[in-house]
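Report on the structure given below.
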Number of protein chains: 2
Amino acid sequence: MQHPAAEHDLRDPHGPYDPYQPPPKATTLAEVARHAGVSPSTVSCVINGKRNISPPTRLRVQAAIDELGYLPHAGARALASSKSRIVALAVPLRADLYVPAMMQIAIAVTTAARRHDHDVLLITNHEGPEGIRRVAGTGLADAVILMDVELHDERIAVLRELGVAASLIGLPADPEGLPCVDLDFAAAGALAADHLADLGHRQVAFIGMGEGVYRRRTGFAERTRSGFEDRCRERGLRAIHRPCDSTYDGAAGVLARVFEDRPGTTALVVQNEAMIGPLLGLLRSSGREVPQDVSVLAIGPDEPAARQSSPRLTSIGLPAHDLGHRAVELVLGENAGEPGVIMLPPRLAVWESTAEPPGG
Amino acid sequence: MQHPAAEHDLRDPHGPYDPYQPPPKATTLAEVARHAGVSPSTVSCVINGKRNISPPTRLRVQAAIDELGYLPHAGARALASSKSRIVALAVPLRADLYVPAMMQIAIAVTTAARRHDHDVLLITNHEGPEGIRRVAGTGLADAVILMDVELHDERIAVLRELGVAASLIGLPADPEGLPCVDLDFAAAGALAADHLADLGHRQVAFIGMGEGVYRRRTGFAERTRSGFEDRCRERGLRAIHRPCDSTYDGAAGVLARVFEDRPGTTALVVQNEAMIGPLLGLLRSSGREVPQDVSVLAIGPDEPAARQSSPRLTSIGLPAHDLGHRAVELVLGENAGEPGVIMLPPRLAVWESTAEPPGG
DNA sequence: TTGTATGCGTTATCAT
DNA sequence: ATGATAACGCATACAA
């Protein structure tokens, strides 16, 4: 009765396409064993590589598996081994975050997880921290990866309480006991300052994320800013910082204020990737050529996007791929669980949007 | 031995934070039953609402569940019920697709699935169609949702072969037997033509997706185009169509060619959402005001983005939320599996980027 | 190197 | 309205 329609599946060749094909009920490990003339445990071990199987039997078993198109039942495996081979990925819902980067990280996590023979379950903040409790508590997932970690993230307490394997993409205030990976935003800020200083700029502006980002999760935004400002001080650069919301008008306002307050500004460092396009457009229409009149350096965009704009952007990209892969490695890899903080070094890609300052 | 570290978990108060808390081994249904003084089957039925339970016992059981913090083991459930309560979401990897929309749909699918007490498993095209075979064959997922469906999508054959519950976001050439949901792009094209005709435009240009999109998956792009062109003909509009790759320089080239070939063009319909920003910038810097000199109508952006640009865009948004929810409904809802094609009606949001043609 | 037997935690089919 | 019990399909400790 699992497939009610099978009852009147009389294979009437006239009727329209009948979606209810009698689903070839899955073959089981026991059937494979019989087919290969071995015991169930042997088949199991062939599949999981748990013990030395003589080449001849291994071959017979493998043949049977292929022939019958056998696929082990995930639920049964999870029950018997108490391992679901699923890692939960907690994604944010925030509107003020750069979505393409999130997606890239999610995809990187998924492909990396597959390499470790795991699948990825999506959980959203919609469920709140309880979502984590649920997937871990039911044994649905045996590892959790947190994206977009805030400085004081309420999900972290749940992770600690449950003692579930986990890794964080982002750096919380207290990473104690939890492996983390993030771009070293402080170093990125410093690197940006260095690049501009090297080119001879003396007065620069940092156009940051929206104010809400600073209020809530001062993490990466704050680190970038201070890394940048510290290095500016060391190199004798005059720097100002302006938060920038993700709207065209917001960007326009910020840009106007920057050149009003500091007319001598010759370079912009932009962290709000969503606003890079608008800013370039605004600069152009206000008669400032990039990079002849003003240099632009982006922090955090995905690299393909940076290379698609015009002029091609000098930028410190967000290593979405690495972030995802490392997060998986941290939670499923060799020394999984080793609490440690991995700060990925920023890489500066110099293209066309930065140059010496005018008259520099 | 499941948690080797427990051996040397001597609760040394000196040592640093020890991540290996003896994980409170999950309580089982049997324990709940004992705690409540009922049989396991009763507990099971309370949880699944499978039979009439007297209010008093239901309460006792519920109390026991809460008290023990019981969470049913997902694997055991899946094994016993042969239902995983997981729906697999097959996401594309393509670079030429609008990522924010994909992410929005994925999130909509996830929240909708939760409403039906299901979780969402991510599978990428990285695995190819075999990924679907795997998750369905192992019983990991008992339903599959395909995103970014191509006209002749190889994944569809797998779905039919397996007879797995499925729904498609997008419209393939032959949807026979598979429930689909998509924006009615033909109607969207027609609606765009109507709006411009109503405003008095006589010569318009359709700036489409990259050529690769047309070659591969002529689906939505082709439907939009023909819906637009047909209606233009009916309304006496002169229309041209130009594909447009997702690069700034590509957009610049296309725009230049359009006004070269048809200097009298007074309106642009843009389907490549990623290029809307650049196009607006290009128009501005080429001295054309929007909408005074040229109207711009976007097809397919997410609505928040359309309202953030400047001028705010008149647009026919992609109903990401609806698409995701409907797809879930189609595969998990009341009359799940009913093969049917749902074409969501386009909604035109009129803002600031369209107006009467100059001198119109 | 391989086979046997038991248990994993739930659901579902019987009884009562 | 509730209880006993047999699957569910696999992994694994143990025996051979």
Side-chain angles (χ1 to χ4, degrees), chain A residues 1-2 23-62 64-65 68-86 117 136-140 142, chain B residues 1-2 4 23-62 64-65 68-86 117 137-140 142:
Chain A
M1 286 301 288
Q2 280 189 18
K25 52 201 157 310
T27 66
T28 72
L29 181 147
E31 294 172 330
V32 174
R34 228 173 300 137
H35 198 85
V38 300
S39 81
S41 63
T42 302
V43 177
S44 175
C45 291
V46 166
I47 291 172
N48 300 315
K50 287 279 181 181
R51 63 187 186 194
N52 286 357
I53 306 286
S54 71
T57 53
R58 145 169 293 117
L59 247 52
R60 292 223 315 289
V61 170
Q62 192 55 55
I65 289 177
L68 300 180
Y70 168 72
L71 289 175
H73 188 282
R77 288 186 108 170
L79 178 55
S81 67
S82 49
K83 283 181 183 328
S84 66
R85 295 162 173 249
I86 288 180
D117 199 32
T138 59
L140 224 194
D142 35 39
Chain B
M1 289 300 290
Q2 280 190 21
K25 53 200 157 308
T27 66
T28 73
L29 181 147
E31 294 173 330
V32 174
R34 227 173 299 136
H35 198 85
V38 300
S39 80
S41 58
T42 302
V43 177
S44 176
C45 291
V46 166
I47 291 173
N48 299 314
K50 289 278 182 180
R51 65 188 185 194
N52 284 358
I53 305 286
S54 72
T57 52
R58 146 169 293 116
L59 248 52
R60 291 222 316 290
V61 170
Q62 192 57 55
I65 288 177
L68 301 181
Y70 168 70
L71 289 175
H73 187 280
R77 285 187 112 168
L79 177 57
S81 67
S82 50
K83 280 179 184 333
S84 67
R85 296 160 177 251
I86 289 181
D117 199 33
T138 58
L140 224 193
D142 36 40

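Because the structure is predicted, anything quoted here is derived from the model rather than measured. Lettering follows sequence order; numbering is per chain, from 1.
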What's the separation between atom CD in Glu31(A) and atom CG in Leu68(A), rounded to the nearest 0.5 Å?
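The CG atom of Leu68(A) is 7.5 Å from CD of Glu31(A), to the nearest 0.5 Å.
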
First locate atom CD1 of Ile53(A), then atom CG of Leu59(A), and finally report the distance between them rounded to the nearest 0.5 Å.
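Answer for the CD1-CG pair, Ile53(A) versus Leu59(A), is 12.0 Å.
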
Got [X] and [Y] here, is their nearest side-chain heavy-atom distance under 4.5 Å?
{"X": "Ile65(B)", "Y": "Ile47(B)", "answer": "yes"}
{"X": "Leu140(B)", "Y": "Ile86(A)", "answer": "yes"}
{"X": "Val38(A)", "Y": "Val32(A)", "answer": "no"}

Footprint string (nucleotides 8-16 of chain D, 5' to 3'): B base within contact, S backbone only, - free, heavy atoms under 4.0 Å
BBBBB-B--

Mind checking side chain to side chain contact (heavy atoms under 4.5 Å, CB included) for Leu79(B) and listing every partner two or more places apart, or none if nothing turns up?
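Partners of Leu79(B) under the side chain to side chain contact (heavy atoms under 4.5 Å, CB included) test: His73(A), Ala76(A), Leu79(A).
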
Can you list every pair that meets salt bridge (charged side-chain N to carboxylate O under 4.0 Å, His left out) and has a residue in residues 33-54 of chain B, with sequence neighbours left out?
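Listed by first then second residue: nothing to list.
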
Give me the bend of the helix from dT1(C)-dA16(D) to dT16(C)-dA1(D), using the axes of the five pairs at each end, rounded to 10°.
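Comparing the first five pairs with the last five, the axes sit 30° apart.
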
Test side chain to side chain contact (heavy atoms under 4.5 Å, CB included) on Thr57(A) and Arg60(A); report intermediate values, then the result.
CA-CA 5 Å; Thr57(A) 53; Arg60(A) 292 223 315 289; 3.8 Å; yes

Please list, in numerical order, the residues of residues 53-61 of chain B that have a heavy atom closer than 4.0 Å to any atom of DNA chain D.
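Contacting residues: Ile53(B), Ser54(B), Thr57(B).
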
I need the single residue from Ser44(B), Pro72(B), Ser82(B), Ser84(B) that forms a side chain to side chain contact (heavy atoms under 4.5 Å, CB included) with Arg77(B). Which is it?
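Going through the options one by one, the only one that passes is Pro72(B).
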
By side-chain hydrogen bond (donor to acceptor under 3.5 Å, both in side chains) - contacts of Gln62(A) (at least two apart):
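For Gln62(A) the side-chain hydrogen bond (donor to acceptor under 3.5 Å, both in side chains) partners, ignoring immediate neighbours, are Asp66(A).
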
